[in-house]
2 protein chains.
Amino acid sequence: MTRDAQPRDAENASLLGFRHHDHGACVADALASADARCADEGLRLTPVRRKVLELLLQEHRALGAYAILDLLRDAGFGSQPPVAYRALDFLVENGFVHKVERLNAFVACAHPGQAHSPAFMICRMCDAVAEAQSLPAKGALGAAARAAGFQIERTVVEAEGVCPTCADKADA
Amino acid sequence: MTRDAQPRDAENASLLGFRHHDHGACVADALASADARCADEGLRLTPVRRKVLELLLQEHRALGAYAILDLLRDAGFGSQPPVAYRALDFLVENGFVHKVERLNAFVACAHPGQAHSPAFMICRMCDAVAEAQSLPAKGALGAAARAAGFQIERTVVEAEGVCPTCADKADA
DNA sequence: CGCAATAATGTTATAAAATCACATGGGGGT
DNA sequence: ACCCCCATGTGATTTTATAACATTATTGCG
């Protein structure tokens, strides 16, 4: 794991959109809205699941399953891999969290509620991840899929590059 | 690894474009053109590297690093993971092979020579992989990146769904 | 309520994917 | 010949993910 489990400070906690924002409120809001949606839809946002979501919202960056597992252990939950993976499965399945395939890591959804095809911008220097929307079925890929008779169910769109912060540093 | 290393028969060898084609010639052509390009550019297409490319062209589907490693062993090469990973690194770096992040697997490039951003259609039923072109920087993602000041260097675009063959089977 | 069925969690073990570190060998160029 | 660089071989380890099974908590139903 290159991403460690500890830092929860302001610098790390504000990277997701490549810009700063009011984080405490954003975590609380997201949790509350997750509670609401689960109640609505009869989903069970159990303590482990809620804690994993909270951790990902808190950190506001992509975390590997084992980093999450460390934090779970610290919080008094089970510390074997399936504990983390099962919670993540639930959260991903229900759109609260996305998996970043390129990093084998997980990040809280930045646009919860709305159905969407997420796209990610991943900084290769600092591993910051920003979520954007993508409409992959609209472009060249969608055309190719229609031509081939392929039915798209889900898409992975991830751009690797350099975030503005790291680009500035590199210039200096 | 769920994909095994053995089958090299006609059925498996013709899935990449979700359609049949003359495979023997296509492998030979691709290898010859790789030889030519490497000679041109001073790249060293060594025996292991060439063998890995040949295997991927031959199989014509995505193979995990360890499946490749098994085939390398059968062909008399070293059988420790770095042997396969190093050859794959070279081939990916130089565009002869792509990594399919969703599958942690590798596939020979279907459009060698031309610089391109590959996109993949991955059948969740049979794991067949077809390569298409994508222009991710043109769409919503490109706009988001420009807005955020993010410099895209490389993109991963992968669609998961059902290929025409499997869709037909499911209908029946 | 009491009980069965279902879903979630805990835990042990193991598989699969990827990398590190260091020794060995093969081809150029001088 | 020698050196240097790059590639390969090998053993060990790290990181990521799943299998299998026991236990506990929830839900629905009579």
Side-chain angles (χ1 to χ4, degrees), chain A residues 1-5 35 38-39 41-53 55-56 62-94 96-107 124 127 156, chain B residues 1-5 38-39 41-53 55-56 62-94 96-107 127 156:
Chain A
M1 177 59 48
T2 54
R3 295 165 293 285
D4 65 299
D35 283 331
C38 285
E41 303 181 18
L43 300 172
R44 297 174 54 184
L45 192 60
T46 61
V48 212
R49 292 169 176 176
R50 194 169 193 281
K51 188 67 189 179
V52 170
L53 178 57
L55 291 167
L56 284 171
L63 291 180
Y66 283 71
I68 291 167
L69 194 52
D70 287 344
L71 295 170
L72 281 180
R73 179 182 8 252
D74 293 350
F77 292 89
S79 60
Q80 300 305 313
V83 173
Y85 280 105
R86 285 192 289 231
L88 288 166
D89 283 350
F90 169 88
L91 294 168
V92 168
E93 222 158 64
N94 294 289
F96 297 111
V97 164
H98 301 298
K99 178 169 189 186
V100 182
E101 298 287 346
R102 194 73 222 296
L103 301 177
N104 294 320
F106 300 84
V107 69
R124 69 167 154 76
D127 273 352
V156 172
Chain B
M1 181 58 48
T2 54
R3 296 165 293 285
D4 64 299
C38 286
E41 303 182 18
L43 300 172
R44 298 174 56 184
L45 192 59
T46 61
V48 213
R49 293 169 177 177
R50 195 170 192 280
K51 187 68 189 180
V52 170
L53 178 56
L55 290 168
L56 284 171
L63 290 181
Y66 283 70
I68 291 167
L69 194 53
D70 287 345
L71 295 170
L72 280 180
R73 180 181 8 252
D74 294 349
F77 292 89
S79 60
Q80 300 303 314
V83 173
Y85 281 104
R86 285 193 288 232
L88 288 166
D89 282 350
F90 169 87
L91 294 168
V92 168
E93 222 158 65
N94 293 288
F96 297 111
V97 164
H98 300 299
K99 178 169 188 186
V100 182
E101 298 287 346
R102 194 73 221 295
L103 301 176
N104 294 321
F106 300 85
V107 70
D127 274 351
V156 173

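Letters go in sequence order (proteins before strands), and every chain restarts at 1. The structure displayed is predicted, hence computed values, not measured ones. What you see below is based on every heavy atom in this structure, not just the backbone, and it leaves out hydrogens, waters and symmetry mates.
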| request: Please step through side chain to side chain contact (heavy atoms under 4.5 Å, CB included) for the pair B:Phe96 and B:Leu56, ending with a clear verdict. | output: CA-CA 10 Å; B:Phe96 297 111; B:Leu56 284 171; over 6 Å; no
| How far apart are the C-alpha atoms of A:Leu63 and A:Leu88, what are their side-chain angles, what is the distance that settles it, and do they pass the side chain to side chain contact (heavy atoms under 4.5 Å, CB included) test? | CA-CA 11 Å; A:Leu63 291 180; A:Leu88 288 166; over 6 Å; no
Listed nucleotide nearest any side-chain atom of [X], set [options]:
X	options	result
A:Phe106	D:dA17, C:dT9, D:dT8	D:dA17
B:Ala65	C:dT11, C:dA18, D:dG9	C:dA18
B:Tyr85	D:dT8, C:dT19, C:dT11	C:dT19
A:Pro82	C:dA8, C:dT12, C:dA18	C:dT12

Interatomic distance, [X] [atom1] vs [N] [atom2] [rounded to whole Å]:
X	N	atom1	atom2	value
B:Arg102	D:dT16	CZ	C1'	15 Å
B:Leu43	C:dG28	CG	P	15 Å
A:Leu45	C:dT9	CG	C1'	15 Å
B:Gln80	C:dA21	CD	P	17 Å
A:Leu88	D:dA17	CG	P	9 Å
A:Leu63	D:dT16	CG	P	11 Å
A:Leu69	C:dT11	CG	C1'	12 Å
B:Leu103	D:dA17	CG	P	13 Å

If the cut-off is 4.0 Å, is [X] near the phosphate of [N], judged by side-chain N/O to OP1 or OP2?
X	N	answer
A:Asn104	D:dA17	yes
B:Ser79	D:dG9	no
A:Lys99	D:dA17	yes
A:Lys51	C:dT9	no

| query | With a 3.5 Å cut-off and just heavy-atom distances, do the side chain of B:Tyr66 and the base of C:dA15 make a donor-acceptor pair? | reply | no
| request: Could you give me the CA-CA distance, side-chain angles and deciding distance for B:Phe90 and B:Leu45, then say whether side chain to side chain contact (heavy atoms under 4.5 Å, CB included) is met? | output: CA-CA 9 Å; B:Phe90 169 87; B:Leu45 192 59; 4.1 Å; yes
| said: For a side chain to side chain contact (heavy atoms under 4.5 Å, CB included) check, start with the C-alpha distance between B:Val107 and B:Lys99, then their side-chain angles and the critical distance, and finish with the verdict. | reply: CA-CA 6 Å; B:Val107 70; B:Lys99 178 169 188 186; over 6 Å; no
| Mind checking whether B:Tyr85 and B:Phe106 have parallel, tilted or perpendicular rings, split at 30° and 60°? | perpendicular
| message | Applying a 4.0 Å non-hydrogen cut-off, can you work out what B:Arg44 is touching in the nucleic acid: base, sugar-phosphate, or nothing? | response | sugar-phosphate
| field | DNA chain D: 5'-proximal contact among B:Phe77 and B:Pro81 (nearest heavy atom) | value | B:Phe77
| task | With DNA chain D as reference, determine whether A:Arg86 or B:Pro47 sits nearer its 5' end, using the nearest nucleotide of each. | result | B:Pro47
